[in-house]
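See structure below.
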Amino acid sequence: MNTKLSHSEDGRNAATKVALVTGAAKRVGADIVRVLHAAGFDIALHYRGSVAEAGALKNELEKIRGDSVALFQCDLNRLSDIEYVVRDVLAHFGRLDALVNNASSFYPTPLGEISVEQIQDLFASNAFAPL
């Protein structure tokens, strides 16, 4: 049996699957990324504004397996950004095997005090972007 691994033109292992995780820089998203990375996935790590957290998580994971994480900044409230992030993930990794729609705005606000703008932002990241 031939057990030789094939590699893509950029030298990546062609058998390595790629997961895009939205809202991946902290909290639940970061934990999902850690689990997928430990399972052997390369990670397309999406974040909106958590630049420092995204970079720290990338560094943490690449100490375990180098060149396995790429960062993608995107505002899921903008349709054009959503289209570009998928294009950029495919350009970087050459494939996309899994998508985890984890992104959500976070408002620790009592229900009766939430603003219309916050509600629109929540619907954009939780309903519109995944669709």
Side-chain angles (χ1 to χ4, degrees):
M1 180 164 109
N2 183 356
T3 58
K4 186 176 180 180
L5 295 174
S6 62
H7 289 78
S8 64
E9 290 179 15
D10 66 359
R12 291 185 178 283
N13 179 344
T16 302
K17 294 193 179 201
V18 176
L20 167 58
V21 181
T22 65
K26 54 189 180 179
R27 293 188 292 270
V28 173
D31 288 338
I32 292 168
V33 164
R34 288 183 182 100
V35 168
L36 289 169
H37 191 265
F41 279 81
D42 279 354
I43 304 296
L45 194 155
H46 161 266
Y47 66 98
R48 178 172 65 175
S50 303
V51 177
E53 294 91 339
L57 183 54
K58 176 181 179 177
N59 291 337
E60 170 192 327
L61 297 175
E62 289 201 334
K63 286 179 184 174
I64 298 166
R65 185 165 31 91
D67 198 30
S68 59
V69 179
L71 302 179
F72 298 90
Q73 193 282 330
C74 167
D75 184 344
L76 297 177
N77 292 340
R78 294 188 198 127
L79 180 58
S80 62
D81 280 12
I82 297 167
E83 294 168 357
Y84 288 122
V85 78
V86 172
R87 181 205 64 198
D88 292 348
V89 168
L90 290 171
H92 181 85
F93 289 107
R95 66 187 294 164
L96 179 56
D97 301 287
L99 169 63
V100 179
N101 285 309
N102 172 72
S104 177
S105 295
F106 181 69
Y107 299 105
T109 307
L111 188 58
E113 297 176 23
I114 194 165
S115 71
V116 171
E117 292 80 17
Q118 290 171 324
I119 292 169
Q120 289 172 331
D121 188 46
L122 286 169
F123 271 90
S125 62
N126 290 310
F128 183 73
L131 290 174

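Computed from heavy atoms alone, side chains included, the values below leave out hydrogens, waters and symmetry copies.
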Quiz prompt | Pairing residues for Ala98 by the side chain to side chain contact (heavy atoms under 4.5 Å, CB included) criterion, not counting sequence neighbours | solution = Ala19, Phe41
Could you list the donor-acceptor pairs under 3.5 angstrom formed between side-chain atoms of residues 20-29 and any protein atom two or more places apart in sequence or on another chain?
residue, atom, partner, partner atom, Å
Thr22, OG1, Val100, O, 3.3
Thr22, OG1, Asn102, N, 2.9
Thr22, OG1, Ala103, N, 2.9

Quiz item: For the hydrophobic clusters of this structure (ILVMFWY residues joined by side-chain heavy atoms under 4.5 Å, transitively), does one cluster hold both Leu96 and Val35?
Solution: no
Quiz prompt | Hydrophobic cluster identity match, Val69 and Val89, side-chain contacts under 4.5 Å | solution = no
Quiz item: Ser68 and Glu62: which non-hydrogen atoms are nearest, and at how many Å?
Solution: N-OE2, 3.0 Å
Exercise. Pick out which of Asp88, Val86, Leu45 makes a side chain to side chain contact (heavy atoms under 4.5 Å, CB included) with Phe72.
Key: Asp88
Quiz item: So, does Asp121 use its side chain to make a donor-acceptor pair with the main chain of Glu117 at under 3.5 Å?
Solution: no
Quiz item: Does the side chain of Leu76 come within less than 4.5 Å of His46's, by heavy atoms?
Solution: yes
Quiz item: Which value, rounded to the nearest 0.5 Å, describes the distance between His37 atom NE2 and Leu61 atom CG?
Solution: 4.5 Å
Exercise. Kindly write out the residues that satisfy side chain to side chain contact (heavy atoms under 4.5 Å, CB included) with Ala124, not counting sequence neighbours, or none if the list is empty.
Key: Asn77
Quiz item: Does Leu71 share a hydrophobic cluster with Leu36, counting links as ILVMFWY side-chain heavy atoms below 4.5 Å and allowing steps through other members?
Solution: yes
Quiz item: Do Gln73 side-chain atoms and Val51 backbone N/O form a donor-acceptor pair below 3.5 Å?
Solution: no
Quiz item: Are Tyr47 and Tyr84 co-members of a hydrophobic cluster defined by side-chain heavy atoms under 4.5 Å apart?
Solution: no
Exercise. Tell me, please, which residues at least two apart from Arg65 pass salt bridge (charged side-chain N to carboxylate O under 4.0 Å, His left out).
Key: Asp42
Quiz item: Who are the side chain to side chain contact (heavy atoms under 4.5 Å, CB included) partners of Gln118, not counting sequence neighbours?
Solution: Tyr107, Thr109, Ile114, Ser115
Practice problem: Find out if a path of hydrophobic residues (ILVMFWY) with successive side-chain heavy-atom gaps under 4.5 Å connects Ile32 to Leu99. | Solution: no
Self-check item: Test salt bridge (charged side-chain N to carboxylate O under 4.0 Å, His left out) applied to Asp97 - qualifying residues, sequence neighbours left out
Solution: Arg95
Quiz item: After noting the C-alpha distance and the side-chain angles of Arg48 and Asp81, does the key distance pass the salt bridge (Lys or Arg N to Asp or Glu O under 4.0 Å) rule?
Solution: CA-CA 11 Å; Arg48 178 172 65 175; Asp81 280 12; over 6 Å; no
Quiz prompt | Beyond-backbone contact of Ser104 with Leu122, side-chain heavy atoms, under 4.5 angstrom | solution = yes
